[in-house]
2 protein chains.
Amino acid sequence: MAIRSVSLDNNPCRSCDVRELAICAALNGHELDRLNAIVSVVQIAPQQTLFCEGEPAHSLFNVTRGTLRVSKMLVDGRRQITGFLGPGDFLGLAFNDTYAYTAEAVTATRLCRFPRTKLEALLEEFPALEKRLLGVASNELAAAQDQMLLLGRKSAAEKVASFLLLLADRAKRQGRPANSVELPMTRTDIADYLGLTMETVSRTFSRFETEGAIRSERAQVVIERPEALEDLAGR
Amino acid sequence: MAIRSVSLDNNPCRSCDVRELAICAALNGHELDRLNAIVSVVQIAPQQTLFCEGEPAHSLFNVTRGTLRVSKMLVDGRRQITGFLGPGDFLGLAFNDTYAYTAEAVTATRLCRFPRTKLEALLEEFPALEKRLLGVASNELAAAQDQMLLLGRKSAAEKVASFLLLLADRAKRQGRPANSVELPMTRTDIADYLGLTMETVSRTFSRFETEGAIRSERAQVVIERPEALEDLAGR
DNA sequence: CGGCCTGTTGATCTGTTTCAATTTGGGTGG
DNA sequence: CCACCCAAATTGAAACAGATCAACAGGCCG
C-alpha cells in the first residue's frame, strides 16, 4: 500500500502553510485543536490513486502540498478530468455514501484526512466550519459552471488560453509570479480536462509559441503576452 | 416589470406541493413559520428573466412550479445552459455578492423568494437548514461533474440519449410515468445545454425516432426502448 | 389569412480527431 | 559518465463528426 499515515505529536495545524486557504481558516486556536485531534496526514506518490469513483466515501481531505487530478470515466475508458487540485483545496465533498469521482496524484502529494463521521460531528459543534464548507461548495459550483461553458462552447484555442490563464490566476493567488505557470500534468491530462485530444493540445501550445504569446520550457510555461490569451479566452 | 410578488395570508408552506423536495423539508412546523415569514412568491412568464449574470445577488429562490433555464454567455453571444430547474429545485446558491449565471423562465414559473440576508440569519438559527443547503450544493456539484463528462467526452447521440434519460429520471422522481417526458424547452435550448447545434439535436431526435427508440409528439417524447438509449448514454 | 418563429432536412465545409511517424528528454544501468 | 530506453510530446496527412449555410414545412397568434 502506497498510502501511509503519519501521526502528529503536537498541533501542526497552527503553523500549517495552507491554513488560511483551507477550511481550517474558519476555526480559532482551540477549535483547531479539536480538528487536529481527528486529522491524519496522508502522502501519495505521483500517479497513485487516493480513492476511486464508487468507493464508499469514508474520508474527506484537504490538500497541503502537490497536485491532484479528479476525474470521471465512461465504461470504454474515455475520461473527463473535472479539476486539478492544489494546496488549500478541499476534496471529497460528496455527501452521498460513495465518491462520485476518482482522485489521483499528479505530483507527490500530501493531504490532511478527516474521517467523515468525525468531521460531521465537528460540523455540529462549529457552525462556522459548516458555513465555510458551504462557501467552498458554492465556489466549486461556480467553477464547474465556467468549465461547462468552456467544454460546451469554446474552441480548442480558447480552451487552452483559458486553461493557462486559470493557472496564472492560481499562481498569483498563491503569491507566485503570474506570468510563469507550472504544468506538472501531461498533455493527455490537459486534453482530458479540456475535452480535446493530446495532439490538439500540443498543436495549440506550438501555435501560441510561434505567435509569441507564450514561451514553453519543460514543465513550465512563460506567458509573454497575456492580452493575446485573454482575447482568445473571451473575458 | 413582469415580476410580481404575491403576499401570503396564512402559512402556505405547510401545505406546499414541493415541501418534501425543497430545502423546506429540513424544517419542522414552527421553524417553517419562521421561514414563511421571510418568503415572498414570485411569478414570471415564459421567456422572462428572473435575474442576470453579474447582478447583485439579493435573493435566493426555490422553484415551486414551471421550468427555468440557467445559463452563462460569452461576449459574442455563444451560450451554455448549465441546467434546467423544476419544482423543488433551489436557485441562487452563489455565495458571492453577484449571480454567476442568468436564470430565465422556460414555462410560466412560480418561485419562493428568500432575501439573502434574512435567509442567512435563519441559517444561523437552524443548522439543519444549513446542512440541507450543503446537501443541495453537493448534489449539484455531482450533477455538474456528470455534465462535464457529457460535454467533454460524449458524442452527439450519447448526449441526446443521456438528456432524455435524465428527464425520464426526474419525471419518475416526481411520481410521473418515466417513459413519457415533457420537453418544454426549444431545440435551441437543448442544443445549448448539450454543447451542440439545434440542427444536430433535431437530426438526432429524428434518427432515434426512425430507429424506434423514441416517439416524438409535440412538446413530449415517449421513450419506446429505454435500453437503446441506455446503451448509447454509456452507463 | 398571412407572417413569423420553431423545427426539419439537405448539401457543403471545417475544426478536431484519428492514425502514423518522428523527435525529445528524463531516468537507468552498464 | 555516457549510451540506451521508454514514455511523452511533436508534427504531418487523412478521415470524420458536427457545424454552417440554406431551403422549406408546420403550427400558432394576431
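All of these numbers come straight from a predicted model, not from anything done at the bench. Numbers restart at 1 for each chain; the letters A, B, ... are given by sequence-line order, proteins then strands.
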* When all nucleic acid strands are considered with a 4.0 Å heavy-atom cut-off, which category describes A:Thr200: base, sugar-phosphate, or nothing? -> base
* Asked: When we call it a touch if two heavy atoms are under 4.0 Å apart, what does B:Ser206 touch: a base, just sugar-phosphate, or nothing?
  -> sugar-phosphate
* Asked: Is the NZ or CZ atom of A:Arg215 both under 6.0 Å from the centre of the six-membered ring of A:Phe208 and within 45° of that ring's axis?
  ->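 Checked: cation-pi criterion not met.
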* Taking the side chain of A:Ser202 as its heavy atoms from C-beta onward, which of D:dT11, C:dT8, D:dA19 lies nearest to it? ->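 Of D:dT11, C:dT8, D:dA19, D:dT11 is nearest to the side chain of A:Ser202.
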May I have the distance from [X] (atom [atom1]) to [N] (atom [atom2]), rounded to whole angstrom?
{"X": "A:Leu232", "N": "C:dG15", "atom1": "CG", "atom2": "P", "result": "14 Å"}
{"X": "A:Arg207", "N": "C:dT16", "atom1": "CZ", "atom2": "P", "result": "9 Å"}
{"X": "B:Leu183", "N": "C:dT6", "atom1": "CG", "atom2": "C1'", "result": "14 Å"}
{"X": "A:Leu196", "N": "D:dA9", "atom1": "CG", "atom2": "P", "result": "15 Å"}
{"X": "B:Glu158", "N": "D:dA17", "atom1": "CD", "atom2": "C1'", "result": "12 Å"}
{"X": "A:Asp189", "N": "D:dA7", "atom1": "CG", "atom2": "P", "result": "16 Å"}
{"X": "B:Lys159", "N": "D:dA19", "atom1": "NZ", "atom2": "P", "result": "7 Å"}
{"X": "A:Gln220", "N": "C:dG26", "atom1": "CD", "atom2": "P", "result": "13 Å"}

* When you measure from the side chain of B:Tyr101 to the backbone N and O of B:Gly92, does any donor-acceptor pair fall under 3.5 Å? ->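 Yes.
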* Between the main-chain N or O of A:Cys52 and the side-chain N or O of A:Glu55, is there a donor-acceptor pair closer than 3.5 Å? ->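 Indeed, once roles are kept as given, a pair shorter than 3.5 Å links the two residues.
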Any N/O pairs under 3.5 Å between the protein and nucleotides 25-29 of chain D? List them or say none.
none

Salt bridge or not between [X] and [Y]? Use side-chain N to carboxylate O under 4.0 Å.
{"X": "B:Glu230", "Y": "B:Arg225", "value": "no"}
{"X": "B:Arg78", "Y": "B:Asp192", "value": "no"}
{"X": "B:Arg79", "Y": "B:Asp189", "value": "yes"}
{"X": "A:Glu211", "Y": "A:Arg207", "value": "yes"}

* **5' precedence on DNA chain D between A:Met198 and A:Arg153 (nearest-nucleotide basis)** =>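 Result of the comparison: A:Met198.
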* Hey, could you give me the CG/OG distance between A:Leu141 and B:Ser138, rounded to the nearest 0.5 Å? =>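 Output value for this atom pair is 9.5 Å.
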Restricting to nitrogen or oxygen on both sides, can you table the protein-nucleotides 12-15 of chain D pairs closer than 3.5 Å?
{"unit_1": "D:dG12", "atom_1": "N7", "unit_2": "A:Arg203", "atom_2": "NH1", "d": "2.8"}
{"unit_1": "D:dG12", "atom_1": "O6", "unit_2": "A:Arg203", "atom_2": "NH2", "d": "3.1"}
{"unit_1": "D:dA13", "atom_1": "N6", "unit_2": "A:Arg203", "atom_2": "NH2", "d": "3.4"}

* Asked: How about A:Phe84 and A:Tyr193: are their ring centres within less than 6.0 Å of each other?
  ->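 Yes, the ring of A:Phe84 comes within the 6.0 Å limit of the ring of A:Tyr193, centre to centre.
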